[in-house]
Each structure stands twice: as C-alpha cells, then as structure tokens.
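So the structure is just underneath, and the comments pick up after that.
Chain A is the first sequence line, chain B the second, and so forth, proteins listed ahead of strands; every chain is numbered from 1. The structure presented is a predicted model; accordingly, all values stated were derived computationally and were not measured.
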Amino acid sequence: MARPNEEVEALLQEYADLIAITGGEAFKARAYEKAARAIGGHPTDVSRLDAAGLREIPGVGRSIAEKVVEYFRTGRVETIEERRARIPNGVRRLMAIPTLGPKKALALYEDLRISSVDELADAIKAERLRDLKGFGEKTEANILHGIELMRQAGGRILLSAAMETAEDIVTTLSGIDGCEDCAYAGSLRRMKETVGDLDILVAAARSAPFMNALTELPATAEVLVHGPKKTSVRTSEGLQVDLRVVRPASWGAALQYFTGSKAHNIHTRTLAVRAGLKLSEYGLFETESGERVASRTEAEVYERLGLPWIPPTLREDRGEIEAGLRGELPAVVTEDDIRGDLHTHTDLTDGLAPLEDMVTAAAARGYAYYAVTDHAPDMSMQLMTDDKILAQRERVRELDGRHHRMRLLHGTELNIGPEGDVDWPDDFLRDFDLCVASVHSHFGLGRDAMTRRIVRACENPYVNVIGHPTTRLIGRRPGIDADFDEVFAVCARTGTALEINAQPDRLDLGDEDILRAKEYGVKFAVDTDAHSIPQLAHLRYGVGTAQRGWLTTDDVINTWPLRRLRSFLRKERAGRPA
DNA sequence: GCCGTTTTCGGCCCGACTGTTTTCAGTCG
C-alpha cells in the first residue's frame with residue numbers, strides 16, 4: 001500500500017537535494033521537501049490519485065501534482081532527469097555524511113571534483129581540503145568521523161527498508177504455481193536493526209520458476225548468480241537478495257539454518273552432535289544410520305534437540321538455548337500484546353495528520369488506549385504555547401471513548417534541557433495524563449553532566465517515559481555519552497519507563513541496552529513516535545527490538561490494562577516506596 | 001514551489017550551535 005508513496009517521497013526528496021546543491025532556490029527546495037514528507041506520510045496510495053486529488057494533499061500544488069502524475073504515467077520526471085544529469089549522484093550521497101550539507105557538498109565537487117564518499121576520504125588523507133575556503137581542521141575531523149559512522153553501518157540498510165523489499169518479493173513468489181511455503185530468513189527475520197542482505201526461502205518441488213521470477217523482478221538491477229539451488233540478484237537500491245528453493249520436506253531445517261544467527265546455529269549443531277545427530281539445512285539426521293529424524297518444521301527440529309521453538313528474535317546465542325533447555329524461555333512480547341501507543345504527534349506541532357485522523361487511525365489498529373504527545377514550547381521551532389496545548393486537551397477529552405471505546409490520554413513530549421530541566425513547571429505538568437521527556441540537543445555534554453541531566457529528568461515526578469534515551473540515529477549519529485547504568489538504576493527507583501522508540505532509524509533503546517536495563521528492573525514503553533498515520537505501523541520494529549531484549553508483557557507498560565498503566569503513571573506521587 | 005490573501009505577490013517554523021571567520025555561513029533539530 002505505502003510503496004508508491006515512498007517512491008514519490010524519495011524522488012521528491014532527491015529533487016529537493018539537487019535543488020539545494022545547485023543553490024539559489026532555497027524555498028523551492030523546502031517546498032519539495034515538505035511535499036515529499038506529506039506524500040510519504042499520506043495514508044492512501046497516491047498512485048491512484050489524479051492531479052486534482054494530489055493537490056488536496058497539503059504542500060502539493062500544481063507543479064508537484066503534475067510531476068507525480070508524470071512519474072506514474074511514464075516512470076520518470078523529465079525536469080528531475082535534467083537536474084540529475086547536472087550533478088553526479090555521488091555528490092548527493094555526500095550529504096548523508098553528518099555535518100556535510102548541500103553547500104559543502106557543492107564546494108567539494110566544484111573545486112575538487114569530488115563525487116563520492118571514498119574520494120572524499122582519500123582527499124582528506126591527501127590533505128587536499130586544506131586550501132578550500134570554509135574547510136578547517138575541525139571540519140575535516142567531523143567529516144572523517146561521519147564517514148566512519150557510515151562505514152560502521154557497512155553498507156547495511158535499515159530494517160524497515162529491507163522488510164518492505166522482502167515482503168514484496170515474498171508476495172510475488174508466493175503467487176507462483178507450486179509454491180508450498182515462502183518466507184524471508186536471516187537477520188531480517190531476527191529483526192536486527194540493520195540488514196546486510198536478504199535471504200528468501202521457498203519450499204517447492206521445482207526451483208526454476210522461482211529462480212526465474214527473481215531475476216525478472218522490476219526491482220532487480222543485476223543478476224549475480226543464477227542456478228537451480230541458489231540465485232542472487234542485486235536490486236536497484238544496491239541490496240543483495242539470495243533466494244534458495246528447498247524441498248518441502250526440508251523446509252523447517254532450511255528455515256532454521258538460514259535464519260541463524262551463525263552463533264545460534266553453531267550452538268544448536270553442538271547439541272545435535274552430543275545427541276548423536278547431525279544438523280544441516282537439509283534436516284536433522286542420525287549420525288550413524290544417516291536417517292532423517294526431523295526437518296519439515298522448525299518446531300520439529302528444535303523439539304528433537306530437546307528445545308521449545310525459539311522465536312527468531314532470540315536466536316543470537318545470548319542464553320536462549322540454555323534457557324530453552326531449562327524450560328525457562330521467556331514469553332516475549334508480541335505486537336498483539338500492545339494495547340496502545342504512548343508517544344505520537346499531530347499537526348499541532350511537527351506531525352502531518354490532524355488529531356482526529358491520528359485518533360481514527362489508532363482506533364483502527366484496535367488499541368484500547370492512545371496517547372497524544374505533541375512537542376512542548378522549548379522546541380521553539382514547534383511554536384507550542386500553553387493555550388494551544390490546553391485547547392488540544394479539550395478536543396482530546398471530547399474525542400475520548402468515541403472510537404470503539406478507545407481511551408485517549410493527553411500528554412506531551414517535553415524537552416530535557418542541558419541541566420535536566422523541562423519545558424513546564426510542576427503545576428502545569430500535573431494536568432497531563434503522561435509526559436514523555438527526551439533529549440533533542442546539546443548532545444556533546446560531558447559524561448557526568450549528561451548523566452546528571454537525564455537522572456534529573458527521571459526524578460521529575462511528572463516525567464513518565466524517557467523518549468529515545470540515547471538519541472542515536474542509526475548510521476548517522478552515535479548515542480550520547482552517559483552512565484546508563486546509573487540512569488537505569490534511577491529509572492527503576494523512580495518508576496520512570498525507558499522508551500523503545502520504533503522509528504526505524506532510531507530503535508532506541510537498542511537490544512543490548514534493553515537487556516542491561518531489564519536487569520535493573522526498569523519498565524519500558526514500546527512507542528512509534530509517529531508523525532503521520534503510516535508511521536503508526538512502525539510499531540512492529542519496536543516490538544521486534546523489545547523481543548531481542550527478551551522483554552515480556554510484564555516489562556512493557558503499554559501492554560498493561562489501563563488501570564495498571566495509570567497507576568504506574570502516578571509515579572511515587574501516589575506513595576510508591578522509594 | 002506552495003499558500004493565502006491584503007486576490008496576484010510576499011512570506012515561507014525559528015533559534016542555537018559550530019567552526020571559521022573577525023562578522024558570518026552552514027548545519028541541525
């Protein structure tokens with residue numbers, strides 16, 4: 001459903017970047033960026049709209065509507081192609097480096113003919129940037145640091161992007177005659193925050209129709225390997241896709257094998273060997289007789305090894321096998337367990353959709369409750385005022401219970417200042433149903449000051465959830481430096497939950513921090529931080545991350561009935577023991 | 001390029017931070 005919207009969003013964003021690089025038309029670039037966001041966040045499929053329908057989307061006027069129509073009619077937009085021809089695509093990719101914007105990217109291209117990240121790294125090493133106006137020592141260091149961050153991501157792409165491509169492919173292959181089963185495996189199935197390549201598995205008697213279909217997908221740019229057992233292609237977005245077709249009788253063993261992780265598989269194979277068995281992608285066999293003892297389903301394979309079926313998100317050899325052998329595998333939280341979203345925005349601040357539309361969309365997801373948490377005044381660009389948020393609260397109260405009896409909570413996302421202070425005093429905060437508080441700036445405070453800052457926010461009796469606690473952006477910005485062990489302890493003591501922000505470029509907290517925080521008895525909120533209706537569906541990535549952190553419903557406050565949640569939100573104000 | 005009006009052109013979320021400069025441009029949220 002959302003694919004065409006995202007295609008157009010990416011296209012318009014690219015055009016905006018190209019305009020920004022060529023310069024002189026700043027407001028035009030802004031207009032395209034705004035339209036890109038609006039279309040990306042639009043709840044209905046824009047490929048089905050005509051020009052008049054498109055123009056009803058805020059930020060889309062005559063010119064952009066025509067370009068979108070042209071794109072869906074011909075697959076390209078002439079004026080955008082012209083811009084593309086003037087600026088190599090690598091120049092645009094330079095802008096993905098933090099601290100490097102359109103102006104510096106253009107200077108690098110015009111003065112030094114640098115048009116790729118690798119060339120830039122080489123140029124810095126060769127000290128060729130030294131004489132460039134506006135580039136000093138610090139700038140060089142910042143760029144190098146940014147490139148390092150990008151390389152750590154190592155060509156991996158965000159979970160959400162991989163998921164969309166994989167689901168498209170699975171849908172296509174599942175429709176082919178003879179397909180008995182089809183699924184994605186690998187790190188995607190384990191819901192790792194980034195994915196290096198896609199592993200797709202098909203169970204069928206004949207492989208050729210599936211192998212051919214993969215090579216003929218519209219997204220396929222290049223065929224790397226084309227054989228009867230395995231075919232690999234590279235998509236136009238540079239993602240490698242490996243397809244394997246197996247006999248239906250081997251489905252479970254193959255799925256288990258290709259899901260990994262490698263460490264988990266080594267461990268399960270060791271168990272097999274000790275039991276006089278041999279585990280491969282074809283099945284579980286008696287070592288002596290070579291007889292196959294299990295292979296049709298994953299559960300069957302695990303069972304024969306003395307294990308319960310292990311959710312893919314736990315398969316990292318982080319103790320899940322030992323826990324399974326002891327019969328103590330946690331019942332990890334699922335998307336169905338989530339009763340409501342506790343961190344969302346509307347167009348009162350930087351969201352795209354009006355309150356009424358967000359609430360309707362939330363109700364359609366079957367939530368029992370839903371919190372509206374727009375930004376507070378300290379994020380000055382959001383232009384929030386006391387009057388505006390009070391008027392919103394009145395409207396929230398009116399809508400409360402109108403949709404399938406879904407209860408509405410009125411909250412806000414506070415900004416945690418450098419000293420740990422927040423936007424409003426206690427007597428104003430008191431009347432919110434809940435407050436999320438997040439760090440949005442001053443990322444460079446020293447470790448001690450940063451720790452004090454967050455601890456102080458946790459100690460605020462009205463702060464219920466610390467939003468995106470590390471503020472990392474995957475592949476773009478490292479998390480803040482703080483003593484998180486101290487933060488976790490204070491969260492547990494004060495009844496402050498930590499967010500698992502489901503935005504695919506955040507997934508913050510990440511799985512390893514969750515595992516650590518859980519040890520302190522911290523509670524968590526899995527929230528989307530949605531700024532549009534489609535983003536409400538990002539919840540699945542937050543839930544996957546929570547699973548990777550071994551969380552159960554008892555750990556996640558927004559799986560709880562409203563009564564229990566409300567009691568938690570009162571913090572120590574209701575006489576909670578210190 | 002969009003929007004909204006003051007109905008046909010002028011404003012477009014605004015402020016802070018950083019690094020390079022010596023008064024400001026670029027980037028970010």
Side-chain angles (χ1 to χ4, degrees), chain A residues 8 11-39 51-52 54-68 70 77 79-80 83 94-108 110 129-146 149 345-352 374-385 388 413-419 423 438-445 467-468 471-473 476-478 480 501 503 505-506 508 529 531:
Chain A
V8 173
L11 183 75
L12 296 181
Q13 180 60 53
E14 180 190 348
Y15 192 47
D17 288 345
L18 292 173
I19 292 168
I21 291 169
T22 32
E25 300 167 288
F27 285 113
K28 190 165 152 181
R30 285 259 282 282
Y32 275 96
E33 264 179 25
K34 200 170 160 227
R37 262 201 315 279
I39 288 175
L54 286 163
R55 291 189 62 177
E56 284 180 19
I57 301 171
V60 178
R62 195 169 61 87
S63 175
I64 293 179
E66 278 172 6
K67 287 187 177 69
V68 175
E70 181 186 348
V77 179
T79 45
I80 298 180
R83 289 262 177 175
L94 296 180
M95 287 172 61
I97 301 169
T99 74
L100 220 166
K103 295 294 188 294
K104 287 202 173 83
L106 183 67
L108 290 167
E110 289 203 318
L129 266 59
R130 291 289 157 86
D131 305 325
L132 212 52
K133 192 163 164 258
F135 288 76
E137 232 174 277
K138 284 288 184 75
T139 305
E140 274 186 10
N142 284 340
I143 292 174
L144 280 177
H145 182 236
L149 273 175
H345 296 272
T346 75
D347 64 358
L348 185 61
T349 55
D350 57 352
L352 285 171
D374 272 312
H375 287 290
D378 287 357
M379 292 283 282
S380 55
M381 71 212 182
Q382 307 296 352
L383 301 173
M384 180 55 86
T385 65
K388 277 163 117 176
E413 183 184 9
L414 300 164
N415 179 60
I416 305 176
E419 307 293 327
D423 308 60
S438 320
V439 166
H440 295 108
S441 60
H442 302 88
F443 304 121
L445 290 184
H468 43 75
T471 78
R472 69 152 176 188
L473 293 175
R476 295 195 357 243
R477 188 173 71 203
I480 50 177
N501 188 298
Q503 293 279 349
D505 61 345
R506 290 194 186 272
D508 182 12
D529 193 3
H531 284 65

Test item: A:M384 and A:D423 side chains (from C-beta on) under 4.5 Å apart, heavy atoms: no
Sugar-phosphate, base or nothing in reach of A:S441, heavy atoms under 4.0 Å: nothing
Side-chain N or O of A:N142 closer than 4.0 Å to phosphate OP1/OP2 of B:dT18: no
Length of the line joining A:F135:CZ and B:dA25:C1', which is rounded to integer Å: 12 Å
Under 3.5 Å donor-acceptor, A:Q503 side chain and A:D529 backbone: yes
Span that lies between the P atom of B:dT5 and that of B:dG1, in whole angstrom: 23 Å
Atom pair distance, as rounded to whole Å: NE2 in A:H145 and P in B:dG19: 12 Å
Residue whose closest nucleotide on DNA chain B lies nearer the 5' end, A:K104 versus A:R30: A:R30
A:N501 side chain vs A:D508 backbone, donor-acceptor pair below 3.5 Å: no
Side-chain donor/acceptor of A:R477 to backbone N/O of A:T471, under 3.5 Å: yes
Nearest-nucleotide pick for A:K28, side chain only, options being B:dG29, B:dG1, B:dG19: B:dG1
All ring pair (Phe, Tyr, Trp, His ring centres under 6.0 Å) counterparts of A:H531, not counting sequence neighbours: A:H345
Same-atom distance (P) from B:dG11 to B:dT6, integer angstrom: 15 Å
Length of the CZ-C1' vector between A:F443 and B:dC28, whole Å: 8 Å
d(CG, A:D17; P, B:dT27) in whole Å: 12 Å
A:R62 side-chain N/O to B:dC3 phosphate OP1/OP2 under 4.0 Å: no
P gap between B:dG26 and B:dT22, integer Å: 14 Å
Integer angstrom distance from the P of B:dC28 to that of B:dT20: 15 Å
Separation of the P atoms in B:dC12 and B:dC17, to the nearest angstrom: 23 Å
Length of the CZ-P vector between A:R37 and B:dG29, whole Å: 13 Å
Euclidean distance for P, B:dA16 against B:dT21 (whole angstrom): 24 Å
Upstream residue (5' side of DNA chain B) when A:F27 and A:A35 are each assigned their closest nucleotide: A:A35
Minimum-distance nucleotide to A:H442 side chain [options: B:dC17, B:dC12, B:dG29]: B:dC17
Pairwise C1' distance for B:dC2 and B:dT7, with rounding to whole Å: 16 Å
Touch class at under 4.0 angstrom, heavy-atom based, for A:R55 against every strand present: nothing
Nucleotide of B:dG26, B:dG19, B:dC2 approaching A:T139 most closely (side-chain heavy atoms): B:dG19
Interatomic distance at P, B:dC3 relative to B:dC13, whole Å: 13 Å
Interatomic spacing from CG in A:L132 to CG in A:L108 - rounded to 0.5 Å: 6.0 Å
Identified pairing partner of B:dT8, criterion: Watson-Crick or G-U wobble below 3.5 Å: none
